[in-house]
Amino acid sequence: MHAISHYQELISSYFSELHLAKEPKNLYEPIEYILSLGGKRMRPILTLMATEVFDVDCKKAIPAATAIEVFHNFSLVHDDIMDDAPLRRGNETVHEKWNINTGILSGDAMLILAYQHFEDYEPIIFRDLAKLFSKTALEVCEGQQYDVDFETRDDVTISEYLKMIEYKTAVLVGAAMKMGAIVAETSEQNSCLIYDFGLNLGIAFQLQDDYLDAFGDPETFGKQVGGDIIENKKTYLYLKAMEFAAADEKEQLSHLFSIQPNDNSDKIHSVKEIFNQTGASEATQKAIQDYTFKAFETLEKMNISSEKKLMLRAFGEKLMNRNV
């Protein structure tokens, strides 16, 4: 098993050489654009890493890892349209750089391209990968719909929110790891355990993303800081603030999440103050830690070497302490 940097370099090198010089160019150029922006590429790295956890050369998993990353970027293109987001990874979003119709169609093409990468595998592995991928893709859509629904609801619970981020984000992380296990042809038990590891890590990752959306550094975060507040999204921060807030704070927070001012800077500042005053910020950081440790507990049940467990743990700790 290699250092995380090895998998990062392998994926980065592969995508830098991935060219889609096809016609019509207005379909494929946006795909090349979004894939060229890089990002953390956490999911394909996990696929490669999971393959070597089970003693198979990670290069065998490159097609599966590519499928995961292409699908993830497809979902981002469409999410950015739905959120009317101006930035992705510090650059213009696809629909801003081109237009909404191009973003929709290029995203559709990316979903199909993702499936095509499974064609590099023999039938049994292809079947298992495609079955997991289809289940996961549908769950991601369900999670996105929950996210949209929550924007107009005032009664979202913590458990509902956690289910939403599990589907929208965490299942893809779990699937990325399980795909590595499928490529390695390990046991069903090992495949399920590493899926659970990824799932819990994915929940921690999304909670961290929610936290950074409000409190991240604009220069390192890559996205518009305060975007969730502007969109009135009921994140874990918001729900915890409503749980802990005094009556006047609840009233203020409800009001702030019912308006769309021309200048959002005062709204963002006021909401962040309430998040801090109520203890919601601290509670969110605690939840990130709890889910990360839950992922680490799953590692202990796996029949792999201590060295490999430490490598996976180090990756989880790096995610928990990230600022991008």
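Please read all numbers here as calculations on a predicted model, not as lab measurements. Atoms considered below: every heavy atom in the structure, side chains included; atoms not considered: hydrogens, waters and symmetry mates. Just so you know, residue 1 is the first one in the sequence shown, and it goes up from there.
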Has the side chain of Y121 got a donor or acceptor atom that lies under 3.5 Å from a matching backbone atom of A64? yes
Just wondering, do M177 and Y195 contact through their side chains at under 4.5 Å, heavy atoms? no
Strictly distance-based, threshold 3.5 Å: is any side-chain N or O of T298 a donor or acceptor partner for the main-chain N or O of K294? yes
If hydrophobic clusters are built by linking Ile, Leu, Val, Met, Phe, Trp and Tyr wherever their side-chain heavy atoms come under 4.5 Å apart, do I182 and F126 end up in the same one? yes
d(L193 CG, S187 OG) to nearest 0.5 Å is 8.0 Å
Do I100 and L105 share a hydrophobic cluster (ILVMFWY, side-chain heavy atoms under 4.5 Å, transitive)? no
F205 side chain near L201 side chain, heavy-atom distance below 4.5 Å: no
Is the ring centre of Y161 less than 6.0 Å from the ring centre of F150? no
Please determine whether the number of non-hydrogen atoms from other residues, nucleotides or ligands lying under 6.0 Å from atom CG of D155 exceeds 12. yes
Locate the shortest heavy-atom distance separating I45 from Q8; write the atom from each residue and the value. CD1-CG, 3.2 Å
For atom CD of E251, decide whether the heavy atoms of other residues, nucleotides or ligands shown that lie under 6.0 angstrom number more than 12. no
D57 versus T51: any side-chain heavy-atom pair under 4.5 Å? no
Any side-chain heavy atom of N200 within less than 4.5 Å of one from T292? no
Atom CD of Q189 with >12 non-hydrogen neighbours under 6.0 angstrom: no
Evaluation steps, side chain to side chain contact (heavy atoms under 4.5 Å, CB included), between E29 and W98: CA-CA 10 Å; E29 279 186 358; W98 280 271; 4.1 Å; yes
If you look at every heavy atom in Y211 and S281, which pair is closest and at what distance? CE1-O, 3.9 Å
Got a sec, which residues hit side-chain hydrogen bond (donor to acceptor under 3.5 Å, both in side chains) with N99, two or more places apart in sequence or on another chain? T102
Taking the side chain as every heavy atom from C-beta outward, state whether S270 and E273 have any pair of such atoms under 4.5 Å apart. no
Evaluate the criterion side chain to side chain donor-acceptor pair (under 3.5 Å) for residue pair S134 and Y115; output intermediate values, then yes/no. CA-CA 9 Å; S134 296; Y115 270 100; 2.8 Å; yes
Could you give the distance from CG (L35) to OH (Y14), rounded to the nearest 0.5 Å? 10.5 Å
Minimum-distance pair of heavy atoms, taken over all atoms of A184 and F54: CB-CB, 3.8 Å
Kindly write out the residues that satisfy side-chain hydrogen bond (donor to acceptor under 3.5 Å, both in side chains) with Y291, not counting sequence neighbours, or none if the list is empty. none
S36 side chain vs Y33 backbone, donor-acceptor pair below 3.5 Å: yes
Is the count of non-hydrogen atoms from other residues, nucleotides or ligands lying under 6.0 Å from L310 atom CG greater than 12? yes
Contact summary for A295 and F197, nearest pair of heavy atoms: O-CD1, 3.2 Å
So, does S75 use its side chain to make a donor-acceptor pair with the main chain of H72 at under 3.5 Å? yes
Exactly one candidate in K60, H2, H6, K308 meets side chain to side chain donor-acceptor pair (under 3.5 Å) with E52; the answer is H2
Looking at R88 and I34, would you say the former's side chain and the latter's main chain have a donor-acceptor pair under 3.5 Å? no
Test of understanding: clusters of I, L, V, M, F, W, Y form through side-chain heavy atoms closer than 4.5 Å, transitively. Do V56 and I4 belong to the same one? no
Taking D147's backbone N and O only, do any of them form a donor-acceptor pair with K168's side chain (distance below 3.5 Å, no angle check)? no
Minimal non-hydrogen separation, A241 against A280, with atom names: N-CB, 3.5 Å
Would you check if the distance from the ring center of F74 to the ring center of F71 is below 6.0 Å? yes
Taking atom CG of L239 and atom CD of E160, what is their separation to the nearest 0.5 Å? 9.0 Å
Do N232 and K267 have side-chain N/O donor and acceptor atoms under 3.5 Å apart? yes
For E282, look at atom CD and say whether over 12 heavy atoms of other residues, nucleotides or ligands are found less than 6.0 Å away. no
Do any N or O atoms from the side chain of S258 and from the backbone of H255 form a donor-acceptor pair under 3.5 angstrom? yes
dist E92:CD -> L87:CG (nearest 0.5 Å) comes out at 8.0 Å
Tell me, do F15 and R41 make a side-chain contact under 4.5 Å, heavy atoms counted? yes
State whether the number of non-hydrogen atoms from other residues, nucleotides or ligands found under 6.0 Å of E307 atom CD is greater than 12. no
Report whether M110 and I112 are members of the same hydrophobic cluster (ILVMFWY, side-chain heavy atoms less than 4.5 Å apart, transitive linking). no
Heavy-atom pair of closest approach, residues H95 and D84: NE2-OD1, 3.9 Å
L18 reachable from F118 in the ILVMFWY side-chain graph, under 4.5 Å edges: yes
How many angstroms lie between atom CD1 of I81 and atom CD1 of I104, to the nearest 0.5 angstrom? 5.0 Å
D290: partners by side chain to side chain contact (heavy atoms under 4.5 Å, CB included), with sequence neighbours left out: K286
Quick one: does E249's side chain have a donor or acceptor within less than 3.5 Å of a partner on T278's backbone? no
Would you say the side chain of Y236 lies within less than 4.5 Å of the side chain of Q206, judging by non-hydrogen atoms? no
Apply the side-chain contact (heavy atoms from CB on, under 4.5 Å) test between L37 and each candidate in V94, T93, N91; give the one that qualifies. N91
In a check of salt bridge (Lys or Arg N to Asp or Glu O under 4.0 Å) between K233 and each of D83, D149, D213, D79, which one passes? D83
Taking the side chain as every heavy atom from C-beta outward, state whether I124 and R127 have any atom pair closer than 4.5 Å. yes
Kindly compute the distance separating CD1 (I31) from NZ (K22), expressed to the nearest 0.5 Å. 8.5 Å
